[in-house]
Amino acid sequence: MAPPPAPQTMKERILQTADKLFYLQGIRAIGVDTIAAEVGISKRTLYNHFPSKDALIAAYLERRFVSARPSDKLPAEQILATFDSLERRFAAKDFRGCPFVNAVAELGPQDRAVKKIAIAFKESRRLWFRDRLTELGVADAEALATQLVLLVDGSIAQDLVRDDPAMARAAKEAATVLLRNAGVDVGGDAEKRRKRAK
């Protein structure tokens, strides 16, 4: 029998509440008073854990900065699975887009701390694609990784406007074309060629 989970620290409770409110309602719309009230603490207690709203915003974004999990799937499958994952996320009722793009859009490019975290996140995703493409032997993995990231971000924007999870599927189809054009065997291409040759 597994031991019960450790109780959340006050800092974790504050951060979890801020995460939910900032993401669903917007960073500018939510003040520290609202977060403190939601947690059931005083503003002073909140400030004991996060010295300013800016520090809380940075912690919220860093909490959202999750690295891709290792996978034993083939690199092309991992790349295309990204779009399947997006489609599932788009279908969730609480989906409000990319928290990093939202933060930069709300707070403006002059908020250098937020912009720095957002750039680091976006670049980590691009490098993840590049590494998978390098494993596949793609000649210009840098350029194709950038194109795949644009498909991800474009599908997110389209879903927000249209409220249509199929936007991720359309992006996956475009990614498949890009991979094939780069010489990657995608989804049984070799098997299809063998059948056509018969």
Side-chain angles (χ1 to χ4, degrees), residues 11-32 34-35 38 46-47 49-71 78-134 141-165 167-168 170-172 174-175 178:
K11 188 170 190 169
E12 289 166 343
R13 283 179 55 207
I14 293 167
L15 194 50
Q16 183 176 22
T17 302
D19 182 290
K20 179 182 75 173
L21 294 174
F22 283 161
Y23 183 70
L24 294 177
Q25 296 179 38
I27 293 170
R28 285 197 185 277
I30 297 298
V32 291
T34 304
I35 294 166
E38 184 83 12
L46 186 147
Y47 282 132
H49 295 281
F50 297 96
S52 65
K53 184 177 178 183
D54 287 344
L56 186 54
I57 293 166
Y60 151 66
L61 291 173
E62 286 162 6
R63 181 178 195 258
R64 290 266 175 165
F65 198 138
V66 178
S67 298
R69 288 183 292 217
S71 172
Q78 290 180 54
I79 290 168
L80 295 176
T82 301
F83 297 94
D84 297 331
S85 175
L86 278 175
E87 186 170 1
R88 287 189 299 276
R89 189 68 188 104
F90 292 175
K93 288 185 176 18
D94 66 347
F95 183 70
R96 257 198 91 241
C98 172
F100 302 94
V101 171
N102 294 349
V104 172
E106 274 196 76
L107 303 175
Q110 65 276 9
D111 190 322
R112 291 196 181 134
V114 165
K115 191 167 181 185
K116 184 177 176 184
I117 296 168
I119 289 170
F121 174 79
K122 292 296 185 181
E123 183 62 4
S124 76
R125 289 303 187 248
R126 193 189 71 78
L127 293 175
W128 181 87
F129 278 124
R130 185 204 62 193
D131 292 347
R132 302 297 76 74
L133 293 165
T134 300
E142 290 284 348
L144 185 49
T146 299
Q147 292 166 1
L148 291 170
V149 166
L150 290 172
L151 287 175
V152 167
D153 287 340
S155 69
I156 292 170
Q158 284 294 314
D159 175 67
L160 284 174
V161 171
R162 296 171 181 265
D163 193 20
D164 183 0
M167 294 298 106
K172 181 180 180 179
L178 289 172

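Remember, predicted model here, so these are calculated numbers, not experimental data.
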Within residues 100-113 or reaching into it, pairs that qualify as side-chain hydrogen bond (donor to acceptor under 3.5 Å, both in side chains) - sequence neighbours excluded: none
Shortest non-hydrogen contact from Ala141 toward Thr134: CB-OG1, 3.7 Å
Ser67 versus Arg125, closest heavy-atom pair with distance: CA-NH1, 4.0 Å
Val114 and Phe100: CA distance, side-chain angles, deciding distance, side-chain contact (heavy atoms from CB on, under 4.5 Å) verdict: CA-CA 8 Å; Val114 165; Phe100 302 94; over 6 Å; no
Any Ile119 side-chain heavy atom under 4.5 Å of Val104 side chain: no
Parallel, tilted or perpendicular: ring planes of Phe83 versus Phe129, cut at 30 and 60 degrees: parallel
Euclidean distance, Leu127 CG relative to Leu133 CG, rounded to 0.5 Å: 11.5 Å
For Ala171 against Ser155, the heavy-atom pair lying closest together: CB-CB, 3.7 Å
Flag if over 12 foreign heavy atoms under 6.0 Å of CZ, Arg162: no
Derivation of the side-chain contact (heavy atoms from CB on, under 4.5 Å) call for Leu86 and Phe90: CA-CA 6 Å; Leu86 278 175; Phe90 292 175; 3.9 Å; yes
Sidechain-backbone polar pair: Tyr23 side chain, Phe95 backbone, donor-acceptor under 3.5 Å: no
Pair Val32-Phe50, side-chain contact (heavy atoms from CB on, under 4.5 Å): steps then yes or no: CA-CA 10 Å; Val32 291; Phe50 297 96; over 6 Å; no
Nearest-0.5 Å distance, CG of residue Leu61 to CG of residue Asp19: 9.0 Å
Donor-acceptor contact present, side-chain Ser85 to main-chain Ala81, <3.5 Å: no
Interatomic spacing from CG in Leu21 to CG in Leu56 - rounded to 0.5 Å: 10.0 Å
NZ/Lys115: more than 12 non-hydrogen atoms of other groups inside 6.0 Å: no
Nearest heavy-atom neighbours spanning Glu62 and Ile117: OE2-CD1, 3.9 Å
Any side-chain heavy-atom pair of Tyr60 and Pro99 under 4.5 Å: yes
Smallest separation among heavy atoms of Arg96 and Leu24, with atom names: CD-O, 3.1 Å
Salt-bridge contact Lys20-Glu38 (side-chain N to carboxylate O under 4.0 Å): yes
side-chain contact (heavy atoms from CB on, under 4.5 Å) between Ile156 and Val101, worked out: CA-CA 10 Å; Ile156 292 170; Val101 171; over 6 Å; no
Close side-chain approach of Ile27 and Lys53, heavy atoms under 4.5 Å: yes
Nearest-0.5 Å distance that lies between atom NZ in Lys122 and atom CZ in Phe65: 11.0 Å
Point-to-point distance, once rounded to the nearest 0.5 Å, from CG of Asp131 to CD of Gln78: 10.5 Å
Rounded distance (nearest 0.5 Å) linking atom OG1 of Thr82 with atom NZ of Lys172: 10.0 Å
Salt bridge (Lys or Arg N to Asp or Glu O under 4.0 Å) between Asp94 and Arg89, worked out: CA-CA 9 Å; Asp94 66 347; Arg89 189 68 188 104; 3.0 Å; yes
Flag, side chain of Asp164 to backbone of Asp159, donor-acceptor distance under 3.5 Å: no
Distance-minimising heavy-atom pair for Pro51 and Ala55: CD-CB, 3.9 Å
